[in-house]
Amino acid sequence: MRLRFAPSPTGALHIGGARTALYNFLLARASGGALILRIEDTDRERSSAENIEQILDALRWLEIDYDEGPFLQSAREQRHRQALAALLESGRAYRCLATAADVKAFKERHGAQRGFRGRDDGEGAIRLRVPEQGETVVHDLIRGDTVFAHAHLDDPVIARADGSVLYNFAVAIDDLDDRVSHVVRGEDHLSNTPKQLLVIEAARELGLGGEDGPPAYAHLPLLHGPDGRKLSKRHGAASVQELRTEGLLPEAVCNYLALLGWGAGDDQTVLSREQLIARFTLERVSRNPARFDAAKLRWLNGIYIRALPAAELAARLQAFIATEQPEHAQALARHPQLLHRAAAISQEKIQTLAEFWPLAGFLFERREIDAQAAARHLDRAGRELLMRAYEALRTCEPFDERQIELALAAIIARERVKPGALYQPIRVAIAGRAVSPGIFESLAALGREQALERMKDALQTSAQQLALDG
RNA sequence: GCCGCCAUCGUCUAGGGGACUAGGACGCCGCCCUCUCACGGCGGUAACACGGGUUCGAAUCCCGUUGGCGGUACCA
């Protein structure tokens, strides 16, 4: 199979585009064929180099790589003009002065379901001549046959008056030139397909194509936002970059995207890249639009985070903080040897990379104690127990998880309190919050000196606070 | 308006005439585990849009209605 992903660089790559790219990629890999990346930049006003770079970057991050390209559609201008000239000369296309208002007036005169037919004015925009009779059938691999009666189709504008080509023309010629065998794209292109098929047909009749026939088409169900409407750049769509900023793993994103509109058939939801390649088929792609569910993606991401070796998680966190949370990079750099351990003890408690610092950042930098947490856990009884813990930990030797646990357990037994009554005050004192990784691990990772210092300070400030409060 | 696509739990889906008192996953709720938060385990909540056919039998096939979405650009 020869497939192509053809984004228009009019914005960042969003999840709908990413899914399309992924499906094409999976098919190319499974078939041993090729994936072509073609940038559809014929819209000169809205296309930009920055957008192209963003798209390339997003694909790199997702590890969706291509075999040919990236090609710029605008670079094929000469070829497009040549094909256009041939169509014009043969009469398959014509120049027409009709405006949008003229088209509307035509419809009012002839009935709304009657396709617009222009007059050959010898100047103006270039329209493709759609045959009066017959129909064009799109043999869609996902939807089956869809019939478009020619009578209903307008003669589409395929190039502006200045000869610059439009999407429906350029894409058809390019698919032919690139010898694309399968066009896999969003369903929003389904109604465009007969126009493209007509262009291809005309081009092939004029000997402009190669040996190959038109590509096979597969139109994917659209991705909808929470509002149930098509997801697009302008419509509350998460861009790939946003997912990255949220601390999602590319492999989790790919896994989730694969599941949006496709299922393996059994009940498996966690699928590696290799499994996806092996199992993905167009036949199993759903016809229903799918809604993007951020909660499920996060859940899946948590699975992937927990499956990572701690060292790998540490490396990902390092990179993530460097680019997405640069405000913490310095603190992190001060204790490079701590990251691996911090990652290990946080791993089962975080769902995204972004959640790491709020949970375990206290290991790297001291932070203020949350007032609510202090009020709740550093009350008189809490401080009493914190004092005991302070004494015990001062002499705890070695200062490791095992010994810390034993030392604290002794206090719990002696004072006849619930574990939480002792652990929470300690947690608040060292982490500044009522939530942290396991308390023994946290203490050990922090080290005796820092732990004792923070506990002592917490004791003092909370005592002062208590005195102030009366 | 017109052309087209779609229609199973809140969401993603399994289902392709009897195996369906409709399965799984996320979410939500409850219980267990438990030093917090999570993780994990167990249980629960919840759907075949509606109406006609076809058939001994329909979530599954056909038609219609309704609804949603897309297209209808000298955007892609």
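Convention: sequence-line order gives letters A, B, ...; per-chain numbering from 1. Keep in mind that this is a model prediction, so the values were computed, not measured.
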Reckon [X] touches a base, only the sugar-phosphate, or nothing at all at heavy-atom distances under 4.0 Å?
X        : result
A/His189 : base
A/Ala161 : base
A/Ala125 : base
A/Ala100 : nothing
A/Phe440 : base
A/Asp162 : nothing
A/Thr42  : sugar-phosphate
A/Pro437 : base

State which of [options] makes the closest approach to the side chain of [X].
X        : options             : result
A/Arg143 : B/C69, B/C6, B/G4   : B/C6
A/Arg160 : B/C74, B/A25, B/G70 : B/C74
A/Lys296 : B/C69, B/A76, B/A25 : B/A25
A/Leu222 : B/A76, B/G70, B/U36 : B/G70
A/Arg427 : B/C35, B/G1, B/A76  : B/C35
A/Pro419 : B/U72, B/C37, B/C35 : B/C35
A/Ser191 : B/C6, B/G70, B/A76  : B/G70

Geometric class of the A/Tyr23/A/Phe280 ring pair [parallel <30°, tilted 30-60°, perpendicular >60°]: tilted
In terms of relative ring orientation, are A/Phe364 and A/Trp357 parallel, tilted or perpendicular, with 30° and 60° separating the classes?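 If you compare the ring of A/Phe364 with that of A/Trp357, the planes turn out parallel.
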Taking only N and O in the side chain of [X], is any of them less than 4.0 Å away from OP1 or OP2 of [N]?
X        : N     : value
A/Asn288 : B/A7  : yes
A/Arg306 : B/G40 : yes
A/Ser436 : B/C37 : no
A/Arg291 : B/A7  : no
A/Arg284 : B/A14 : yes
A/Thr146 : B/C5  : yes

Reading RNA chain B from 5' onward, which residue's closest nucleotide shows up sooner: A/Gly438 or A/Val165? A/Gly438
Identity of whatever pairs with B/G10 - Watson-Crick or G-U, under 3.5 angstrom: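 Pair assignment: B/G10 / B/C26.
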Using atom [atom1] of [X] as one end and atom [atom2] of [N] as the other, report the distance to the nearest whole Å.
X        : N     : atom1 : atom2 : result
A/Asp188 : B/C69 : CG    : C1'   : 11 Å
A/Ile439 : B/C35 : CD1   : P     : 12 Å
A/Arg4   : B/A76 : CZ    : C1'   : 11 Å

Cation-pi, A/Phe440 ring and A/Arg402 (6.0 angstrom, 45 degrees):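 A/Arg402 over A/Phe440 ring: no.
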Between the base of [N] and the side chain of [X], is there a donor and acceptor pair under 3.5 angstrom?
X        : N     : value
A/Lys418 : B/U34 : no
A/Asp266 : B/A14 : no
A/Lys349 : B/C39 : no

A/Asp154 pairs by salt bridge (charged side-chain N to carboxylate O under 4.0 Å, His left out) with which of A/Lys107, A/Arg129, A/Arg127, A/Lys104? A/Lys107
Just to verify, which of A/Arg79, A/Arg76, A/Arg4 counts as forming a salt bridge (charged side-chain N to carboxylate O under 4.0 Å, His left out) with A/Asp178? A/Arg76
